[in-house]
2 protein chains.
Amino acid sequence: MTPEPNILIVDDEAAIRDMIGIALDTAGFRSSTASTALDAHVNIIDQRPDLVLLDWMLPGGSGIELARRLKRDELTANIPIIMLTAKTSEDNKVQGLDVGVDDYVTKPFSPRELVARIKAVLRRSTGNLKDKPIRVFDLEMDPASHRVMVEDRAVEMGPTEYRLLNFFMTHPEKVYSRDHIQDQVWGANVYLEERTVDVHIGRLRKALSSASKTGINYSALIQTVRGAGYRFSTRHD
Amino acid sequence: MTPEPNILIVDDEAAIRDMIGIALDTAGFRSSTASTALDAHVNIIDQRPDLVLLDWMLPGGSGIELARRLKRDELTANIPIIMLTAKTSEDNKVQGLDVGVDDYVTKPFSPRELVARIKAVLRRSTGNLKDKPIRVFDLEMDPASHRVMVEDRAVEMGPTEYRLLNFFMTHPEKVYSRDHIQDQVWGANVYLEERTVDVHIGRLRKALSSASKTGINYSALIQTVRGAGYRFSTRHD
DNA sequence: ATGCAATATTACATTTTGATGACAAATGTT
DNA sequence: AACATTTGTCATCAAAATGTAATATTGCAT
């Protein structure tokens, strides 16, 4: 749900942490770091990252321990873990490290490979959340098929209008300022003219109002609240 | 799917890996190898072999661990596993059956026996699910004969387009991002240009649209969802 | 009604995105 | 080996989407 997934990098070498951090940054992820298993554990409990990159060669072999602990604990068990392993020393210690991590990347690795694997794992783990269709009268939004239907006929709209409507339908009956809408629909770190929201509201309304055959105007669901923002509501103003 | 099934051999002894590899080769299988549970797991995630030959006695007892995990994870649960066990101990079999392993072969074994068992397991596992034809209007996909028919005439397409169509027809009415499609059709962690998916979509559409005599354009079933991916759907956009 | 501020609408330049043909490398076939 | 097929990438074109500024309209207090 969060625009940018947050990834925790756990490695005792600062150089590697930095390198990975940069790679993730350019790939559009947020990241935080930890250099010890203890730090990592605290961070995971506090921040609940979307994924953990875990060096298994942490001093004291605690990387593997941490992985095991995380997977055992109900609270953290479904946070995906990707292990960073050194290819060289796999003989003796590697055994029994089969603790339920989601993927492995062997050092040295290319940033591209790392990012690709992170995306794959995230896709696997978050893709399972089944989005249920939301329906208001004869206006239906189905996230699975990525479709908006009015009276069972598809409604054409651009991606931004889709996200906008999705936000409204999942947050009905409340006013939101233009700022807030920007945060939710465009992402927190994007700056736009305030009026841009108006334009997209307009586009969404147009799409909705030209969709009904029965004369119901679904664009009326998106209400302007003068001086405050907009509201999606089934009740009249 | 693939003409020759791909089989992963997991054993820590190189001699055994080679021996089995040769046996499978002459029997017409493709094979790859791994010497540790870790390697094996990576390989399975990436390559999705059609079957795994797994040595029970991997150092550290991680063979059985790996099997358990593979069967627990939804993504890998239906990849058949044949365990290679050194002893004819009843304990092992009982424990392994628990895990959901598909068959056992006890060392020493003859190549002929091994191949026979592999074929049996493959027959069982592929015969169950995949063989039922899927039909949408006059577009029919028959996995058994590995053929696509439109109005009872065969449609020509490359293997990739076949897999692509197969994925779509088994996952209708949902959007999939290009990344997701790559995972499903090419295998996870294969790095391709995003646009490559577009090209194959194009090829598939072309194959489908030039197939109908009755004027129905089956390529319309594959819908572009701007900013999101593609969707196979019988409903209009 | 009037003026003003807030919102709606329009038009447009720019950027993104997707479709498609061409091509070369890889692969399979004869 | 010669040939055909399949594959992935790229360049190019067309279409769609986007953000902004200019202009029009609306709602509201007076």
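The figures that follow rest on heavy atoms only: side chains count, while hydrogens, waters and symmetry mates do not. Chain letters run A, B, ... following the sequence lines, proteins first and then strands; every chain starts at 1.
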Qualifying residues under salt bridge (charged side-chain N to carboxylate O under 4.0 Å, His left out), relative to A:E151, sequence neighbours excluded: A:R153
Geometric class of the A:Y162/A:H146 ring pair [parallel <30°, tilted 30-60°, perpendicular >60°]: parallel
Within residues 199-212 of chain B, residues whose heavy atoms come under 4.0 Å of DNA chain D: B:V199, B:H200, B:R203
B:R235 and B:Q223 side chains, donor-acceptor separation under 3.5 Å: no
Partner of B:L70 by side-chain contact (heavy atoms from CB on, under 4.5 Å), out of B:N78, B:T76, B:I79: B:T76
Within residues 216-229 of chain B: residues closer than 4.0 Å to DNA chain C (heavy atoms): B:T224, B:R226, B:G227
Protein-nucleotide distance (B:Y230, atom OH; C:dA19, atom C1'), rounded to Å: 8 Å
Counterpart residues, side-chain hydrogen bond (donor to acceptor under 3.5 Å, both in side chains), relative to B:R48 (two or more places apart): none
pair A:L221-A:V136: side-chain heavy atoms closer than 4.5 Å: yes
Between A:Y230 and A:R178, a side-chain donor and acceptor under 3.5 Å: yes
A:S219 and A:N217: side chain donor to acceptor below 3.5 Å: yes
A:F167-A:Y176 aromatic ring centre distance below 6.0 Å: yes
Measure all distances between protein nitrogen or oxygen atoms and nitrogen or oxygen atoms of nucleotides 25-30 of chain C, and list the pairs falling under 3.5 Å.
none

All side-chain contact (heavy atoms from CB on, under 4.5 Å) counterparts of B:A220, not counting sequence neighbours: none
B:E194 or A:R195, whichever maps to the more 5' nucleotide of DNA chain D: B:E194
With sequence neighbours excluded, residues passing salt bridge (charged side-chain N to carboxylate O under 4.0 Å, His left out) with A:D142: none
Helix axis bend for the helix from C:dA1-D:dT30 to C:dT30-D:dA1 - C1'-based end axes, five pairs, 10° rounding: 30°
Along DNA chain D, first and last positions that approach a heavy atom of chain B under 4.0 Å: D:dT6 to D:dA17
Which residues share a side-chain contact (heavy atoms from CB on, under 4.5 Å) with A:E161, sequence neighbours left out: A:M157, A:H200, A:R203, A:L204
Short side-chain donor-acceptor distance under 3.5 Å, B:E173 and A:S145: no
side-chain contact (heavy atoms from CB on, under 4.5 Å) against A:L192, all qualifying residues, sequence neighbours excluded: A:Q182, A:W186, A:V190, A:T196
Closest-nucleotide 5' rank along DNA chain D - winner of B:L192 and B:E156: B:E156
Under-4.0 Å side-chain N/O to phosphate OP1/OP2 contact, B:R178 with C:dT17: no
Results of salt bridge (charged side-chain N to carboxylate O under 4.0 Å, His left out) for A:R17 - residues two or more places apart only: none
